[in-house]
Amino acid sequence: MDLRRDVFQAIADPTRRQIIDILSDQSMNLNAVSSHFEISRPAISKHIKILTECGLVVIRREGRERYCSADVRKLGEIDQWLNRHRKFWNSKLDALGDFLERGIDSNSMED
């Protein structure tokens with residue numbers, strides 16, 4: 001079964017978000033990344049694999065070592081999605097605010 005992964009799936013897990021945070025400052029080999037967590041190295045490898053499939057982590061070989069680094073450009077997809085919803089909800093909340101102000105104004109005129 002071929003699973004299609006996306007950036008939203010990648011950041012759904014707190015461990016993967018923490019890996020992105022760690023790797024956004026510097027590239028590290030897998031052992032160094034694993035040293036930040038209480039879970040096994042194979043478990044971290046699985047998280048790294050998902051992040052790599054989603055394009056959030058890039059692996060580069062240097063001799064026998066594999067270094068991981070974050071590529072946060074894909075997080076822009078999340079920002080674009082949030083902006084669409086932010087605009088929608090801001091317009092709805094502005095309309096609600098206008099409605100409530102009109103209600104308050106008409107109530108104060110009745111007093």
Side-chain angles (χ1 to χ4, degrees):
M1 185 171 145
D2 186 28
L3 290 178
R4 184 183 167 116
R5 301 193 188 278
D6 67 16
V7 69
F8 294 95
Q9 182 183 14
I11 66 163
D13 185 277
T15 301
R16 290 193 289 269
R17 289 193 302 270
Q18 191 173 354
I19 290 171
I20 293 168
D21 287 343
I22 291 167
L23 293 175
S24 65
D25 292 334
Q26 60 182 335
S27 66
M28 296 180 176
N29 66 24
L30 193 54
N31 286 333
V33 174
S34 297
S35 70
H36 288 82
F37 297 92
E38 297 290 323
I39 59 177
S40 68
R41 187 179 181 272
I44 294 298
S45 290
K46 287 181 181 177
H47 286 297
I48 295 283
K49 181 180 179 202
I50 292 170
L51 291 169
T52 303
E53 290 172 355
C54 295
L56 288 168
V57 167
V58 177
I59 297 177
R60 135 184 81 78
R61 283 192 172 273
E62 279 187 24
R64 296 177 57 179
E65 292 288 332
R66 294 177 354 149
Y67 287 89
C68 308
S69 58
D71 184 356
V72 295
R73 291 177 294 183
K74 289 286 277 185
L75 294 176
E77 291 178 22
I78 296 167
D79 190 46
Q80 290 172 355
W81 185 84
L82 286 173
N83 274 338
R84 280 195 308 271
H85 292 279
R86 190 176 295 125
K87 286 177 186 174
F88 171 81
W89 284 109
N90 281 343
S91 69
K92 296 295 182 191
L93 291 173
D94 286 347
L96 177 62
D98 292 344
F99 174 77
L100 292 174
E101 282 184 22
R102 281 194 309 268
I104 290 171
D105 290 344
S106 64
N107 285 339
S108 62
M109 294 176 78
E110 292 174 2
D111 291 336

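Atoms CZ and CD1, on R5 and I50 in that order, are 4.0 Å from each other to the nearest 0.5 Å. Once rounded to the nearest 0.5 Å, the distance linking CD of E65 with OG of S27 reads 11.0 Å. Between the CG atom of L93 and the CZ atom of F88 there is a distance of 9.5 Å, given to the nearest 0.5 Å. In this structure, NE2 in H47 is found 10.5 Å from CD in Q18, a value given to the nearest 0.5 Å.
Residue pairs meeting the salt bridge (charged side-chain N to carboxylate O under 4.0 Å, His left out) criterion with at least one member in residues 36-49, sequence neighbours excluded, are K49-E53.
Annotation for I39: hydrophobic cluster partners, listed by chain and number, are V7, F8, I11, I19, I20, I22, L23, M28, L30, V33, F37, I44, I48, L51, L56, V57, I59, V72, L75, I78, W81, L82 (ILVMFWY side-chain heavy atoms under 4.5 Å, direct or chained).
Within a 6.0 Å sphere centred on CZ of F99, other residues, nucleotides and ligands contribute 12 heavy atoms or fewer. Environment of CZ in R86: crowded, with over 12 heavy atoms of neighbouring residues, nucleotides or ligands closer than 6.0 Å.
A donor-acceptor pair under 3.5 Å is absent between the side-chain atoms of R60 and the main chain of S69, judged by distance alone.
Here the shortest heavy-atom pairing between T15 and D13 reads N-OD1, 2.7 Å. Closest of all the heavy-atom pairs between N29 and A32 is OD1-N, 2.8 Å. The two residues K74 and G55 make their nearest non-hydrogen contact at CG-O, 3.5 Å. R61 and R66 make their closest contact through NH2-CD, 3.6 Å (heavy atoms, listed as atom of the first residue, atom of the second, distance).
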